[in-house]
Amino acid sequence: MLSLFRQPYGADGGVDARSAENAIGRTSLDLWDLVLRESLQNSWDARRDVNGPISYAVDEYNMTVEQTEVLTKEIFAELPPHCQCSDLSRHVFDRRLRVMVISDSGTKGLGGPVRGHLAGSGERRDFVDFVRNLGRSTAKGLQGGTYGLGKGVLYKASKVGVCLIYSQTFHEGAIQARIIGVSGGDGDYDDGGLRYTGRNWWGVPGDDAIVDPLVGEAARELALRLGMPIPAADNTGTSIMILAPENEGYEAGVDRIQAMASAALKWAWPHAVDTSQGANILFSFSADGTELPAPDPLESKEYREFALAYLEGRKRILDPEYVPDWQTTFTRIESKRPHRFLGLLVHRISGSPESTPSELENTVALLRTPRMVVKYMPVAAQPKGIPTYGVFIAAHDMDQAFAKSEPVTHDDWVYQRASVSKNSANPVKIALDRIRDTFKSLAVDGVRASGGVASKGASKVSASLGSLLSGFSGNGAEQQPERESRQSSSRQRKARVKQIAEPDLLYMDQGIAVRYSFSVVGGRNGDIVDLNVTAHVVTESGANEGAVPADARTPEFLGWESDGWLNTNPSLRVSVPTDRVFVAVFSQPQDTAMRASAQLNEVEYAGS
């Protein structure tokens with residue numbers, strides 16, 4: 001049976017149990033988003049291999065009557081006064097307690113010394129950092145979670161503020177099992193003439209009455225009797241049992257688990273995509289024995305474009321000469337003084353021109369080395385209402401600069417928090433400003449910021465954004481200014497063609513296309529004309545391209561729109577006068593500007 005140790009304040013003071021929870025501060029994130037982010041970051045930081053894979057599972061269920069008895073009589077038989085867990089029995093219904101277990105494998109487990117005051121021998125101190133300490137040693141560097149103050153959310157997720165922690169880790173050359181109970185959600189209190197911090201542990205008492213974890217085969221056997229999902233005997237990893245999970249916002253267990261699964265998709269999709277060797281985190285979620293679908297960003301309408309942008313960005317990072325697909329644009333985010341590469345911005349226009357109700361449209365997912373999404377930063381919406389999705393991948397050597405700007409919950413980059421010397425440029429502020437400015441420029445100019453033709457009368461579709469400009473005078477495909485006619489009361493005698501609207505985008509199986517709309521005005525009653533249309537790439541000088549490079553793509557006429565289908569004959573016979581609108585569709589070569597022009601040819605008929 002495990003024993004209770006209540007931590008008293010020392011003569012030199014101490015820290016009460018709620019410090020970790022209070023350190024989280026205010027956040028817009030849901031409780032289960034926080035639980036997912038904190039636990040998953042800690043699991044990823046503890047991976048055995050640098051690129052994984054690891055497994056990460058969340059299971060919620062009612063313990064059996066026998067398992068509940070083991071938990072309440074052999075582990076938590078002693079309960080402290082004045083704490084949330086003092087009334088643990090109040091959460092046992094029909095002799096069964098509800099629990100949530102977060103487990104991982106392929107990780108190093110909670111290794112190192114089990115007492116916080118013992119000096120290390122160069123090994124990781126994960127056990128004391130997670131179980132004993134509040135905060136994080138600077139010796140660990142700045143990773144994703146690394147058992148800092150954010151772990152307080154795990155105790156907050158329990159109605160009784162208690163977690164049971166089981167881990168298998170290498171110790172002295174062999175795998176050692178460890179199990180210990182911890183509470184961290186209570187304030188300090190007085191009892192028997194002493195003041196207590198509210199921090200409690202359940203374990204095996206030492207000579208000083210401080211408890212240590214139960215270790216070895218006895219620990220593994222106890223975990224199995226409790227029905228905990230734990231690593232195989234020859235594997236390492238950690239399982240955290242949250243007693244009586246909070247039902248804040250979610251009454252049913254399946255809804256809590258679905259919230260966790262949704263949070264994994266939202267914040268950890270970079271780890272769920274196959275980067276040629278499979279996903280590097282294998283997710284599993286279940287409620288009362290029923291498996292929920294694992295996150296698959298490439299099958300998600302909401303996250304597919306982010307995932308594709310990330311995959312394209314990885315290719316560019318590995319190969320600076322890599323040319324992206326037609327939807328994707330790369331922008332290097334740099335500072336000038338000093339000149340430094342801060343990260344790669346990748347953004348894509350949606351594969352569908354239709355907007356969705358997603359709040360993530362026109363946002364950029366901010367990433368650094370742990371490859372968890374820090375936040376989705378809103379950016380300027382683009383013309384024509386085409387959804388845009390971006391990913392910013394911080395440069396590896398700038399990771400610590402961005403990490404230092406994050407709050408405890410790792411859910412923002414607050415440039416004021418970044419550690420920079422006086423009168424030095426703030427790389428976090430510069431990066432965020434550059435990202436915003438990139439999209440503002442696209443929104444205002446309607447063209448890709450990295451180059452391209454914006455001449456009057458040219459239509460331009462970049463690899464990242466569809467935006468079309470028009471206005472050249474003449475008989476080409478451009479919108480003509482309306483002029484007051486001297487013959488407003490009578491139709492002009494000779495037919496002519498003009499563009500009546502700005503070009504717009506069309507998405508087809510073969511890529512992006514452009515629609516040019518024309519009207520034929522004037523003409524003698526009964527005349528018949530042929531309407532012909534052509535398109536040309538426009539050079540930077542504004543002239544039509546002459547000699548076409550051998551490997552260059554040119555605009556291809558796809559057809560005239562006609563009752564839901566395309567008439568592929570470039571010459572269309574028209575009877576005048578007419579009020580019809582004629583729409584020609586051309587393919588748009590990637591990253592070019594183009595102009596369409598239309599001409600009329602009169603047709604002679606016998607007896608006309």
Side-chain angles (χ1 to χ4, degrees), residues 19-29 33-34 36-42 44-45 129 134-153 263 266-271 306 310 313 317 331-347 360 363-379 390-440:
S19 296
E21 181 180 328
N22 293 337
I24 295 173
R26 292 186 177 182
T27 175
S28 61
L29 297 179
D33 282 50
L34 288 171
L36 181 285
R37 286 169 62 100
E38 177 65 21
S39 59
L40 183 57
Q41 284 187 340
N42 287 338
W44 180 245
D45 288 345
D129 283 341
L134 292 176
R136 169 174 51 201
S137 169
T138 55
K140 281 202 163 188
L142 291 167
Q143 301 177 53
T146 323
Y147 319 122
L149 290 166
K151 68 192 175 195
V153 73
K266 183 173 185 177
W267 304 112
W269 55 257
H271 290 288
F306 290 111
Y310 174 67
I317 290 171
T331 304
R332 287 174 59 88
I333 302 298
E334 300 174 331
S335 62
K336 295 181 179 179
R337 297 179 182 177
H339 182 268
R340 285 187 297 190
F341 173 60
L342 304 179
L344 180 66
L345 174 62
V346 189
H347 64 277
L360 301 182
T363 64
V364 174
L366 304 179
L367 306 177
R368 59 179 185 88
T369 295
R371 294 301 185 255
M372 306 287 180
V373 177
V374 175
K375 71 175 293 186
Y376 292 89
M377 185 176 80
V379 294
V391 174
F392 174 73
I393 306 172
H396 182 73
D397 60 352
M398 297 301 299
D399 187 67
Q400 289 222 357
F402 286 101
K404 290 178 179 178
S405 74
E406 294 176 5
V408 171
T409 48
H410 307 286
D411 61 347
D412 202 356
W413 283 344
V414 184
Y415 73 85
Q416 294 91 339
R417 298 173 59 100
S419 179
V420 294
S421 56
K422 189 176 181 180
N423 298 324
S424 295
N426 187 316
V428 179
K429 184 178 188 303
I430 292 171
L432 296 177
D433 287 346
R434 295 276 194 275
I435 294 169
R436 293 189 188 96
D437 290 345
T438 297
F439 287 92
K440 286 179 183 177

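Since the structure is predicted, the reported quantities are computational estimates derived from the model, not experimental observations.
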[X] side chain vs [Y] backbone, donor-acceptor pair below 3.5 Å:
| X | Y | result |
| --- | --- | --- |
| Asp412 | Val374 | no |
| Arg417 | Glu406 | yes |
| Tyr376 | Lys266 | yes |

Which heavy atom in [X] sits nearest to a heavy atom in [Y], and how many Å separate them?
| X | Y | value |
| --- | --- | --- |
| Asp399 | Thr369 | OD1-N, 2.9 Å |
| Val391 | Phe306 | CG2-O, 3.5 Å |
| Met398 | Phe341 | CG-O, 3.7 Å |
| Ala425 | Arg340 | O-NH2, 4.3 Å |
| Val373 | Ala365 | CG1-CB, 4.1 Å |
| Phe402 | Pro427 | CZ-O, 4.4 Å |

| message | Run the salt bridge (Lys or Arg N to Asp or Glu O under 4.0 Å) test on Arg434 and Glu334 for me, step by step, so that the C-alpha distance in whole Å, both residues' side-chain angles and the decisive distance to 0.1 Å come before the verdict. | response | CA-CA 8 Å; Arg434 295 276 194 275; Glu334 300 174 331; over 6 Å; no

| message | Nearest 0.5 Å, please: how far is CH2 in Trp267 from CG in Leu36? | response | 10.0 Å

| field | Qualifying residue for side-chain contact (heavy atoms from CB on, under 4.5 Å) with Arg37, from Asn42, Val153, Asp411 | value |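 Per the side-chain contact (heavy atoms from CB on, under 4.5 Å) rule, the option paired with Arg37 is Asp411, out of Asn42, Val153, Asp411.
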
| request: Could you walk me through whether Ile393 and Leu345 pass side chain to side chain contact (heavy atoms under 4.5 Å, CB included), step by step? | output: CA-CA 7 Å; Ile393 306 172; Leu345 174 62; over 6 Å; no

